[in-house]
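Just the heavy atoms: all of them, side chains too, but no hydrogens, waters or symmetry mates, feed the values below. Remember, predicted model here, so these are calculated numbers, not experimental data. Numbered from 1 within each chain, the chains take letters A, B, ... in sequence-line order.
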Amino acid sequence: MPDKESYLIQVYHKLYQLYGPQGWWPLMDLEGENPTKTGSLKGYHPLNYSLPETSQQRFEVILGAILTQNTAWTSVEKALWNLKRMGVVHPQNLLELETEILKEAVRPAGFFNQKSVYLQEISRFFLKMDGKVPARKEILGVKGVGNETADSILLYAYHQPQFVVDAYTKRIFGHLGVIKENSSYMEVKNLFEECLPRNVPLYQEYHALIVEHAKRYYQKRPYNEIHLKRY
DNA sequence: AACCAGGACGTGA
DNA sequence: TCACGTCATGGT
């Protein structure tokens with residue numbers, strides 16, 4: 001695999017050409033009434049890289065980042081909607097909410113016992129930061145925030161140039177022979193950050209495009225890589 | 001009816 | 001450090 005740098009850049013352009021701007025991170029329509037009939041909220045905002053803008057939107061991204069751990073986004077939407085209905089997409093309100101009530105709201109997103117605790121932990125942290133951008137190490141110190149969640153929060157909530165690696169990233173680029181199958185999180189993250197210009201919209205789109213592509217072709221074996229092999 | 005989902009934590013080698 | 005079990009609901 002010679003010249004991983006140009007390869008990773010060209011794969012990005014190929015994905016962008018295939019799927020277009022993804023508009024991550026999705027935000028609930030805070031003025032809206034209800035989830036759509038399909039159960040899927042819209043919330044995506046292609047080519048708008050200034051979101052989130054408000055403290056509440058930033059907090060919503062953070063809640064979603066924790067709720068979506070090993071969980072489909074459609075399930076996360078249900079939990080987020082519950083939290084919005086209860087008026088706790090706000091750190092102070094969330095902390096004042098009865099734990100059992102919080103668990104019921106989180107339930108549709110799975111792992112509701114631990115995720116409820118995680119949401120309380122990140123709420124305290126969010127209040128403590130008081131609007132300041134946290135360092136990566138600081139967020140990693142919060143219980144429930146691992147490598148991917150930390151980078152997701154920094155990249156999508158705080159517009160920091162931290163590349164997000166997930167299981168899909170390892171699956172696709174492992175299968176393409178760019179990385180070893182058992183590469184560590186930081187190895188993969190460092191590779192992408194060394195190969196790509198340090199650009200927030202690029203990082204945001206690349207990760208979202210990887211997820212979109214993986215959902216289509218990397219859920220079930222045998223994986224079909226021809227969509228990226230020729231570009 | 002397995003298997004997977006935009007992982008993280010606790011434990012024991 | 002690292003492999004492994006655990007956490008849980010919901011869709012295919």
Side-chain angles (χ1 to χ4, degrees), chain A residues 15 19 21-28 35-45 52 60-83 99-100 102-122 125 136-157 162-175 180-190 192 203-224:
Chain A
L15 290 171
Y19 308 125
Q22 296 299 297
W24 278 36
W25 188 281
L27 286 164
M28 288 184 295
T36 60
K37 286 81 183 173
T38 66
S40 175
L41 299 171
K42 300 186 180 80
Y44 297 90
H45 43 84
E60 178 188 327
V61 173
I62 291 171
L63 296 185
I66 289 177
L67 290 172
T68 198
Q69 289 168 2
N70 203 41
T71 301
W73 185 254
T74 50
S75 299
V76 175
E77 288 177 321
K78 296 170 187 167
L80 271 179
W81 192 257
N82 290 340
L83 295 174
T99 300
E100 291 306 312
L102 178 59
K103 286 185 178 179
E104 288 313 302
V106 172
R107 178 183 290 276
F111 306 109
F112 60 90
N113 284 304
Q114 49 189 26
K115 280 180 179 174
S116 298
V117 175
Y118 296 167
L119 293 189
Q120 293 171 331
E121 295 289 328
I122 201 66
F125 181 77
R136 191 170 190 277
K137 265 185 150 181
E138 291 181 296
I139 314 189
L140 280 174
V142 180
K143 183 177 297 183
V145 178
N147 277 313
E148 185 187 339
T149 305
D151 287 331
S152 293
I153 289 173
L154 288 170
L155 179 61
Y156 291 106
Q162 301 284 343
F163 198 88
V164 178
V165 176
D166 65 349
Y168 288 147
T169 311
K170 291 183 181 178
R171 192 177 301 173
I172 292 177
F173 292 91
H175 192 235
K180 297 171 298 186
E181 301 286 351
N182 61 337
S183 297
S184 72
Y185 183 95
M186 292 307 295
E187 284 175 347
V188 180
K189 172 183 171 69
N190 289 334
F192 276 83
Y203 284 14
Q204 291 187 340
E205 292 291 3
Y206 208 158
H207 173 63
L209 287 165
I210 285 169
V211 172
E212 177 60 27
H213 186 68
K215 279 178 171 174
R216 296 177 184 237
Y217 303 110
Y218 283 83
Q219 303 239 25
K220 282 279 187 191
R221 288 187 161 83
Y223 303 138
N224 184 356

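- Comparing the same atom, P, in dT11(B) and in dA8(C) gives a spacing of 16 Å after rounding to whole Å.
- For the pair I122(A) CD1 and dA8(B) C1', the interatomic distance rounds to 13 Å; values are reported in whole Å.
- A donor atom on one side chain and an acceptor atom on the other are not found under 3.5 Å apart for T169(A) and K189(A).
- Annotation: dC3(B) and dG5(C) have their P atoms spaced 15 Å apart (nearest Å).
- For S75(A), the listed nucleotide lying nearest its side chain is dG10(C); candidates were dG10(C), dA8(C), dG6(B).
- Side-chain rings of W24(A) and W73(A) stay apart, their centers remaining 6.0 Å or farther from each other.
- Not a single donor-acceptor contact under 3.5 angstrom links the side-chain atoms of Q219(A) to the base of dC4(B).
- Distances shorter than 4.0 Å separate some side-chain N or O of T149(A) from OP1 or OP2 on dA8(B).
- dC2(C) and dG6(B) are spaced 24 Å apart, taking the C1' atom of each and rounding to whole Å.
- Here K143(A) does not reach the OP1 or OP2 of dG7(B): none of its side-chain N or O atoms lies under 4.0 Å away.
- Look at N113(A) and you'll find a side-chain N or O under 4.0 angstrom from OP1 or OP2 of dA8(C).
- Among dG10(C), dA8(C), dA8(B), the nucleotide with an atom closest to any side-chain atom of E148(A) is dA8(B).
- Among the heavy atoms of the strands lying under 4.0 Å from F111(A) is at least one base atom, whether or not backbone atoms are also near.
- Nearest-nucleotide positions on DNA chain B for D166(A) and V142(A) put D166(A) closer to the 5' end.
- Residues Y206(A) and F192(A) bring their aromatic ring centres within 6.0 Å.
- Across the protein-nucleic acid pair, E104(A) atom CD and dT9(C) atom C1' stand 12 Å apart, rounded to whole Å.
- Contact annotation: R171(A) does not reach the phosphate of dC4(B) (side-chain N/O to OP1 or OP2, under 4.0 Å).
- In this structure, G146(A) reaches the sugar-phosphate backbone alone: every heavy-atom distance under 4.0 Å involves primed, P, OP1 or OP2 atoms, never a base.
- For R107(A), counting side-chain heavy atoms from C-beta on, the closest listed nucleotide (dA8(B), dC7(C), dT9(C)) is dT9(C).
- Remark: the Y218(A) side chain and the dG6(B) base include no donor-acceptor N/O pair separated by less than 3.5 Å.
- Taking atom CG of L63(A) as the reference point, atom P of dG6(B) lies 18 Å away to the nearest angstrom.
- Considering CG of L80(A) and OG1 of T68(A), their distance stands at 9.0 Å, rounded to 0.5 Å.
- Between W73(A) and dG6(B), a base-stacking contact is recorded: ring centres under 5.5 Å apart, planes less than 30° from parallel.
- Here the NE2-CH2 distance, from H207(A) to W25(A), works out to 6.5 Å after rounding to the nearest 0.5 Å.
- Taking atom NZ of residue K215(A) and atom P of nucleotide dG11(C), one finds them 14 Å apart after rounding to whole Å.
- The separation between K170(A) atom NZ and dG7(B) atom P is 11 Å, rounded to whole Å.
- Centre separation under 5.5 Å together with a plane angle under 30° holds for the ring of W24(A) and the six-membered base ring of dG6(B), marking them as stacked.
- Between H213(A) and Y217(A), the ring center distance clears the sub-6.0 Å criterion.
- At the heavy-atom level, V164(A) lies nowhere under 4.0 Å from the strands shown.
- Atom OH of Y118(A) and atom C1' of dC9(B) are 5 Å apart (whole Å).
- When rounded to the nearest whole Å, the span between CZ of F112(A) and P of dC9(B) equals 19 Å.
- Counting to the nearest Å, the P atom of dG7(B) and the CG atom of L140(A) are 16 Å from each other.
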